[in-house]
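Comments concern the structure below.
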Amino acid sequence: MQDLTNGRCGWCGTDELYVKYHDEEWGEPVTDDRTLFEFLVLESAQAGLSWITILRKREGYRKAFCDFEAERVARMTDEDVERLMHTDGIVRNRLKIKAAITNARLFLLLQKEFGSFYDYTLSFFPDRKPIVNSFRSLSEIPVSSPESDAMSRDMKKRGFKFFGSTICYAHLQATGFVNDHLTSCICRKKSAAER
């Protein structure tokens, strides 16, 4: 895989959906808990699959999981699990569907305890600030970090499913708690110009 494709981080290639996601979402700071919950559901569903597979099913997930309203997902029942097992547009894996419901319930508990899932996430970061890395090549980007190790370990203790350190790190990248755009990526240059 090339480090850069058309001035962008090479992992997004030239797929239109992937490029749009790379340019408009990946690494952009997310403070809204609903969006953080959306990425929690999507990243958990991604375990063992490619991210582009999940991006292509995003609308299906939005419909299946109540527009990512954690309160509504938390109230889903075994009947809902059975219905979702026959729903097109999502990964029909019983364990992952049940995990989304369990994780929604636990997400709400974290919101109560910390005020927001955003604040919970920041609690794992030095100075409670996102990390901006300065990688020049894709091979330098890690698959986990001390922050993702600590956060996923804590979430696992609390009962979260499908959220190991690698998935947690991808979640942190997606939601801008970690900015891993390569230093020569057009998105890095754009965010530097906005400062």
Hey, is the main chain of [Y] close enough, under 3.5 Å, to the side chain of [X] for a donor-acceptor pair?
X	Y	value
Arg188	His181	yes
Gln46	Leu49	yes
Asp33	Tyr118	yes
Asn133	Phe135	no
Thr35	Thr31	no
Asn6	Thr14	no
Lys96	Ala47	yes

Ring centres under 6.0 angstrom apart ([X], [Y]):
X	Y	result
His171	Phe163	yes
Phe107	Phe117	yes
Trp51	Tyr21	yes

Over all heavy atoms of both residues, which pair between [X] and [Y] is shortest? Give the atoms and the distance, please.
X	Y	value
Ser165	Ser148	OG-OG, 2.9 Å
Ala104	Ala70	CB-O, 3.7 Å
Ala64	Ile90	CB-CG2, 3.8 Å
Leu138	Cys9	CD2-CB, 4.4 Å

- Stepwise side-chain contact (heavy atoms from CB on, under 4.5 Å) test for Thr5 and Arg8: CA-CA 5 Å; Thr5 303; Arg8 295 173 175 85; 5.6 Å; no
- Using 30° and 60° as the class limits, which term best fits the ring planes of Phe37 and Phe68: parallel, tilted or perpendicular?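 Correct class here is perpendicular.
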- Query: When the ring planes of Tyr61 and Phe65 are compared, do they come out parallel, tilted or perpendicular, using 30° and 60° as the limits?
  - Reply: parallel
Under 4.5 Å between side-chain heavy atoms, counting indirect links through other Ile/Leu/Val/Met/Phe/Trp/Tyr residues: same cluster for [X] and [Y] or not?
X	Y	value
Ile131	Phe124	yes
Val132	Phe177	no
Leu182	Trp11	yes
Val143	Met155	no
Ile186	Ile141	no

Is any side-chain heavy atom of [X] closer than 4.5 Å to a side-chain heavy atom of [Y]?
X	Y	result
Pro130	Val178	no
Phe162	Glu43	no
Leu84	Met76	yes

- Show your reasoning for whether side-chain contact (heavy atoms from CB on, under 4.5 Å) applies to Ser152 and Ile167. CA-CA 8 Å; Ser152 68; Ile167 290 175; over 6 Å; no
Do NZ/NE/NH1/NH2 and the carboxylate oxygens of [X] and [Y] come within less than 4.0 Å?
X	Y	value
Glu113	Arg158	yes
Glu38	Arg62	yes
Asp67	Lys63	no
Asp15	Arg56	yes
Arg94	Glu82	yes

What distance do [X] atom [atom1] and [Y] atom [atom2] have between them, rounded to the nearest 0.5 Å?
X	Y	atom1	atom2	result
Lys129	Leu122	NZ	CG	10.5 Å
Ser44	Phe160	OG	CZ	9.0 Å
Glu25	Cys187	CD	SG	11.5 Å
Leu4	Cys185	CG	SG	7.0 Å
Asp3	Ser139	CG	OG	6.0 Å
Ser145	Gln173	OG	CD	9.0 Å

- Indicate whether the side chain of Tyr169 and that of Asp180 have a donor and an acceptor atom separated by less than 3.5 Å.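 Yes, side-chain donor-acceptor contact under 3.5 Å.
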- Task: Evaluate the side-chain contact (heavy atoms from CB on, under 4.5 Å) criterion for residues Val73 and Val41: first the C-alpha distance (whole Å), next the side-chain angles of each, then the deciding distance (0.1 Å), finally the verdict.
- Result: CA-CA 10 Å; Val73 176; Val41 171; 5.8 Å; no
- Verdict with supporting geometry, Thr121 and Leu172, side-chain contact (heavy atoms from CB on, under 4.5 Å): CA-CA 9 Å; Thr121 305; Leu172 297 174; 3.6 Å; yes
- Mind running side chain to side chain donor-acceptor pair (under 3.5 Å) on Tyr120 and Asp154 for me, showing each step along the way? CA-CA 11 Å; Tyr120 167 73; Asp154 185 70; 2.6 Å; yes
- Query: CZ of Arg136: more than 12 outside heavy atoms within 6.0 angstrom?
  - Reply: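 Counting other residues, nucleotides and ligands, CZ of Arg136 stays at 12 neighbours or fewer.
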- Go through the steps to decide whether Arg75 and Asp80 satisfy the test salt bridge (charged side-chain N to carboxylate O under 4.0 Å, His left out), and finish with yes or no. CA-CA 10 Å; Arg75 290 193 302 266; Asp80 292 306; over 6 Å; no
- Item | Partner of Leu106 under side-chain contact (heavy atoms from CB on, under 4.5 Å), chosen from Leu108, Leu110, Leu109 | Leu109
- Item | CA sep, side-chain torsions, deciding dist, call: Ser144, Thr166, side chain to side chain donor-acceptor pair (under 3.5 Å) | CA-CA 5 Å; Ser144 65; Thr166 300; 5.4 Å; no
